[in-house]
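FYI, the numbering just counts along the sequence from 1.
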Amino acid sequence: MASIKFVTLITMVVILLPTIAMAMEFVVGDANGWKPGFDYQAWAKDKVFHVGDTLVFNYPSPPHNVFKVNGTGFKECVKPTTNDQPPLTSGNDKIELKTAGNKWYICSTSNHCALGQKLTITVVEGPPAPAPSSAVRGFIFSGYQVFMAAIVGVFIAVAA
């Protein structure tokens, strides 16, 4: 009986571990959060962002927000028009990086962008490198992995 539980535990780890190790969650600015007067380019400089990672923007709302912009909007601190996507305003915004390429984010409040409340990163494809000290491993499970874990759980229940 103990060997069945051990095999089941190992099976669940094998099923879930690859996904746990793949995605990372980056808290933008670490403990500083999302605010004017912080150097977000220096914060991002030594980090490698991969497709599947998540950016977390922590800030007091109001007054701050997060707009995803293009390169011109980033350089000129111009928010998108009202026909584009609305700003994120929860104060704990999570943005999953779904595609590779350059990404730009600004705060559109007053002159906050001009005061440095803006971030540009490059997202790459491929497996993530070892976690930077300021990154937190994310838990992202695919439907297949949840399904397999459920089957293993039923197997345990039936075997017990």
Practice problem: Hey, could you give me the NZ/NZ distance between Lys68 and Lys103, rounded to the nearest 0.5 Å? | Solution: 4.5 Å
Quiz item: ring-ring contact (aromatic ring centres under 6.0 Å, His included) with Phe57: which residues, sequence neighbours excluded?
Solution: Trp34, Tyr105
Self-check item: Pairwise distance OG1(Thr120) to NZ(Lys75) - rounded to 0.5 angstrom
Solution: 10.0 Å
Quiz item: Can you list the residues that meet the side-chain contact (heavy atoms from CB on, under 4.5 Å) rule with Ser90, with sequence neighbours excluded?
Solution: Asn92, Asp93
Quiz item: Going hydrophobic residue to hydrophobic residue with side-chain gaps under 4.5 angstrom, can you get from Val123 over to Tyr40?
Solution: yes
Practice problem: Quick one: pull up NZ in Lys79 and OG1 in Thr109 and give me the separation to the nearest 0.5 Å. | Solution: 8.5 Å
Quiz item: Any side-chain heavy-atom pair from Met24 and His50 closer than 4.5 angstrom?
Solution: no
Quiz prompt | Flag, side chain of Asp30 to backbone of Asn32, donor-acceptor distance under 3.5 Å | solution = no
Quiz item: Between CD1 of Ile121 and CG of Leu55, what distance do you get to the nearest 0.5 Å?
Solution: 4.5 Å
Self-check item: Cysteines Cys113 and Cys107 with SG distance under 2.5 Å
Solution: no
Exercise. To the nearest 0.5 Å, tell me how far Phe26 CZ sits from Phe49 CZ.
Key: 5.0 Å
Self-check item: Passing option when Ile95 is tested against Thr54, Leu88, Val56 for side chain to side chain contact (heavy atoms under 4.5 Å, CB included)
Solution: Leu88
Quiz item: For the hydrophobic clusters of this structure (ILVMFWY residues joined by side-chain heavy atoms under 4.5 Å, transitively), does one cluster hold both Val51 and Val28?
Solution: yes
Quiz item: Who passes side chain to side chain donor-acceptor pair (under 3.5 Å) against Asn102, sequence neighbours left out?
Solution: Thr122
Exercise. Evaluate the side-chain proximity of Val27 to Asn58: yes if any heavy-atom separation is below 4.5 Å, no if none is.
Key: yes
Quiz item: With sequence neighbours excluded, what pairs up with Thr89 under the side chain to side chain donor-acceptor pair (under 3.5 Å) test?
Solution: none
Quiz item: Linking I/L/V/M/F/W/Y whenever any side-chain heavy atoms sit under 4.5 Å apart, do Trp43 and Tyr59 land together?
Solution: yes
Self-check item: side chain to side chain donor-acceptor pair (under 3.5 Å) partners for Ser108, two or more places apart
Solution: Asn65
Self-check item: Distance-minimising heavy-atom pair for Ala23 and Gly52
Solution: CB-O, 3.6 Å
Quiz item: Trp104: which other cluster members, linking ILVMFWY side chains closer than 4.5 Å, directly or transitively?
Solution: Phe67, Val69, Phe74, Ile106
Exercise. Fit a plane to each ring of His112 and His64, take the angle between them on a 0 to 90° scale, and name the class: parallel (under 30°), tilted (30 to 60°) or perpendicular (over 60°).
Key: tilted
Quiz item: Hey, are the side chains of Cys77 and Lys118 touching, using non-hydrogen atoms and a 4.5 Å cut-off?
Solution: yes
